[in-house]
Amino acid sequence: MVILLIITITLGIGFRFFNLNKKVYWHDEVYTSLRAAGYEANDISQLFQNQIIPAKQLQKYQQIKPQSTFKGTLKSLTIENPHHPPLYYFMARLWMQKFGGSLTASRSLPALISLLSLSLIYVLGWQLFKSDLTALLGTTFLALSPVEILFAQTARQYSLVTVLTICSGIFLLQALDSRSWKKWGLYTIVSAIGLYTHLFFSLTIISHGIFVISNWLLSNYVANISSEKKSNLSIFQRLIQTLPLDFFIASVGIIILYTPWIVIVINNLQQVYDATDWARVSVTLDFLIKRWILSFSCLFIDLDFGFNKISTYLLRLLFLIIIIWGIYTVCRSCNLSTKLFILTSIFIPFIILVIPDLVSSGKRSAITRYLIPCFPVIYLSVAYLLGRYLGREHLTLFSKQKYWRVVLVTLLTASIASCTVSAFSDTWWSKVPSYHNPEVARKINASDSPILLSDVGDNYTNTGDLISLSYILDDDVRLLLLSNSPNLEIVENESEIFVFRSSERLRKAMEAKQWEFESIIAHGELLQVSKRSGLFQPTIK
């Protein structure tokens, strides 16, 4: 079995580097390169001046800005994206200086970073369960997880967040066991690095705090019950004596180290609020539940038959049952500290995201990447479930090895199938709002002499997606990037006109010209001008 698991881990590593440039370079990845390169919104806004340019010209904003420095990268973030701490962007800039800004180069950085999580989760698994088989199974599940591979091939900070989540957990447990200030110092530094990687790493730190406090309270409660006749100390006295001051000191250290960026966020709070407004859009409870099912089941299976099709959720139900069974087995069989660490690591980040969604509306908990802090211990919980029964023969019907071997094969097969389908796809569910860009590009590339019209759009996301499109449009495709006062006379003599995500302002301008147009991609992603004042009828070859 060990050989099988090692082969599977190797396969997972291979998936991380296979077809790195296949999927669309989506909106957020574009902005990773743009910020790392030192560009600001003002640099790009100059494009929307009623001028025609080659589509490929947009890619200059994915290369390091001439004469810019790391200070330019920092300025770009602090002014326009203060909710994104700078660490990963600095790493991306260094990588860009060394290897360039191609899709493969940009995505190879997170793919390499993700490899660190494989060795770290083995350490965390052994530390929690003292079982080599459980640790190896946990490593296998993370290595072959469809969602982990998806994030490993995304030029964003998600794979680094996974690494730091696992690493901080290791140092926390080691610090609690050894009471060593060196370990607490390492925990403080890693946690601060986590905050400088992603603002939502705070969810991990909060879950650690609740774990430490609950473990302190419950351990003392159990100890008091077992020794109440042998000790004259009250429960209150025992609590005071064992107060986890070292954790509180470490927490203060984390806050001090992160204070510079806290000041930046506070000074630009309105910008943070505006940039994250999309996460507060009201959605139905039905939508949230569907996304929760998809987010947690995609740790093992990521085959999509349609968001609103019952078959999608019935298929994933088995994997949710296995996850729940694994968590239940940990709670039933492990010591207090281990079960509390597992429970707080999974449920505290999730609950923190869910409560505002249910109380004041929003879809924070429906965003899979925000749930990254929950994932590592889920792999380990399922690993503990399987390791418990695969390690030895049992007499009961449902605990014999042969049944659990079937479960293991099912998990691995589902992961391999999901990763294979994803590896050959040019888009995936995580690529919103750029999900339809490959289809948009195919429609435009099929034309003889296309010109694509666009402006900044109603929600100002067009810039990122136009750059995203530039990677997959043919070299002969031209763009007319329109200002707030669009000049459509520039294309009077063009016969094959497409419009990408037109704003309401642009639509009115086209209607004023008596242009007729039709949507040829879902949700109005791409319009085609089908008739202009009865003069012509564009065709698609």
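The model shown is predicted, which means the values in this text are computed figures rather than measured ones. Values below: every heavy atom of this structure, side chains too, minus hydrogens, waters and symmetry copies.
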Check: For residues Tyr39 and Ser33, is any side-chain donor paired with an opposing acceptor at under 3.5 Å?
Finding: no
- Are the side chain of Thr427 and the backbone N or O of Tyr435 linked by a donor-acceptor pair below 3.5 Å? yes
One should read off an interatomic distance between Leu203 CG and Ile352 CD1, to the nearest 0.5 angstrom, of 5.0 Å
Using the ring centroid of each side chain, check whether Phe296 and Phe319 are separated by less than 6.0 Å.
no
- Query: Does Ser159 reach the main-chain N or O of Pro110 with its side chain, forming a donor-acceptor pair under 3.5 Å?
  - Reply: yes
So that I know where these two stand, are Tyr88 and His198 an aromatic pair - ring centroids less than 6.0 Å apart? no
dist Leu303:CG -> Cys298:SG (nearest 0.5 Å) comes out at 11.5 Å
Where do Ile166 and Phe375 land on the side-chain contact (heavy atoms from CB on, under 4.5 Å) test, with the steps shown first?
CA-CA 10 Å; Ile166 300 171; Phe375 294 163; over 6 Å; no
Stepwise, does the ring-ring contact (aromatic ring centres under 6.0 Å, His included) test hold for Phe424 with Phe18? CA-CA 9 Å; Phe424 289 97; Phe18 181 73; 5.3 Å; yes
Would you say the side chain of Phe141 lies within less than 4.5 Å of the side chain of Leu5, judging by non-hydrogen atoms? no
- Item | pair Trp184-Phe247: side-chain heavy atoms closer than 4.5 Å | yes
Closest heavy-atom pair, Leu20 versus Arg107, reported as atoms and distance to 0.1 Å, is O-NH1, 2.8 Å
Check your understanding: Would you say the side-chain atoms of Thr368 and Trp429 include a donor-acceptor pair closer than 3.5 Å?
Key -> no
Exercise for review: I would like to know whether Leu137 and Val382 meet side-chain contact (heavy atoms from CB on, under 4.5 Å); could you show each step before the answer?
Suggested key: CA-CA 8 Å; Leu137 284 166; Val382 175; over 6 Å; no
Taking side chain as C-beta onward, heavy atoms only, is Ile205 less than 4.5 Å from Leu195?
yes
Is a side-chain donor-acceptor pair under 3.5 Å present for Ser145 with Tyr379? yes
- prompt: For Phe70, is the NZ or CZ atom of Arg93 found under 6.0 angstrom from the centre of its six-membered ring and inside 45 degrees of the ring axis?
  reply: yes
Side chains of His208 and Tyr187: donor-acceptor distance under 3.5 Å anywhere?
-> yes
- Quick one: are Ile301 and Leu411 in side-chain contact, heavy atoms under 4.5 Å? no
Point to revise | Donor-acceptor pair between Arg35 and Tyr89 side chains, under 3.5 angstrom | key: no
| said: Between His84 and Arg156, is the side-chain contact (heavy atoms from CB on, under 4.5 Å) condition met? List the steps. | reply: CA-CA 11 Å; His84 283 292; Arg156 297 288 279 174; 3.2 Å; yes
Requested in this report: Kindly indicate whether the side chain of Cys374, heavy atoms from C-beta on, has any atom under 4.5 Å from the side chain of Phe347.
Outcome: no
Is it true that the side chains of Lys431 and Asn437 contain a donor and an acceptor less than 3.5 Å apart? no
| message | Using a strict threshold of under 4.0 Å (side-chain N to carboxylate O), is an ion pair present between Asp426 and Lys22? | response | no
Tested for side-chain contact (heavy atoms from CB on, under 4.5 Å) against Ser106, the lone hit among Trp95, Phe99, Tyr25 is Tyr25
Check your understanding: Does some side-chain heavy atom of Thr134 sit less than 4.5 Å from a side-chain heavy atom of Leu128?
Key -> no
query: Are Lys23 and Trp26 in a cation-pi contact, defined as NZ or CZ under 6.0 Å from the six-membered ring centre and within 45° of the axis?
result: no
In this structure, CD1 of Ile149 is separated from CG of Asp302 (nearest 0.5 Å) by 10.5 Å
Original post:
Side chains of Asp465 and Ser468: donor-acceptor distance under 3.5 Å anywhere?
Top reply: no
Worksheet item: Around atom CG of Leu314, are there more than 12 heavy atoms of other residues, nucleotides or ligands at under 6.0 Å?
Response: yes
- Any chance you could lay out the side-chain contact (heavy atoms from CB on, under 4.5 Å) test for Ile193 and Thr197, step after step, and finish with the verdict? CA-CA 6 Å; Ile193 291 173; Thr197 301; 4.2 Å; yes
**Prompt:** If we ignore angles and hydrogens, is there a donor and acceptor under 3.5 Å between the side chains of Asp304 and Trp428?
**Reply:** no
**Q.** Phe15 and Thr420, any side-chain heavy atoms less than 4.5 Å apart
**A.** yes
Keeping Glu29 on the side-chain end and Ala155 on the backbone end, is there a donor-acceptor pair under 3.5 Å? yes
Quiz prompt | is_close_aromatic(Phe307, Phe287), centroid dist under 6.0 Å | solution = yes
* Asked: Are Trp292 and Ser365 linked by a side-chain donor-acceptor pair shorter than 3.5 Å?
  -> yes
Under a 4.5 Å cut-off applied to non-hydrogen side-chain atoms, are Thr329 and Ser381 in contact?
no
Counting only heavy atoms not in Lys98, do more than 12 sit closer than 6.0 Å to its NZ atom?
no
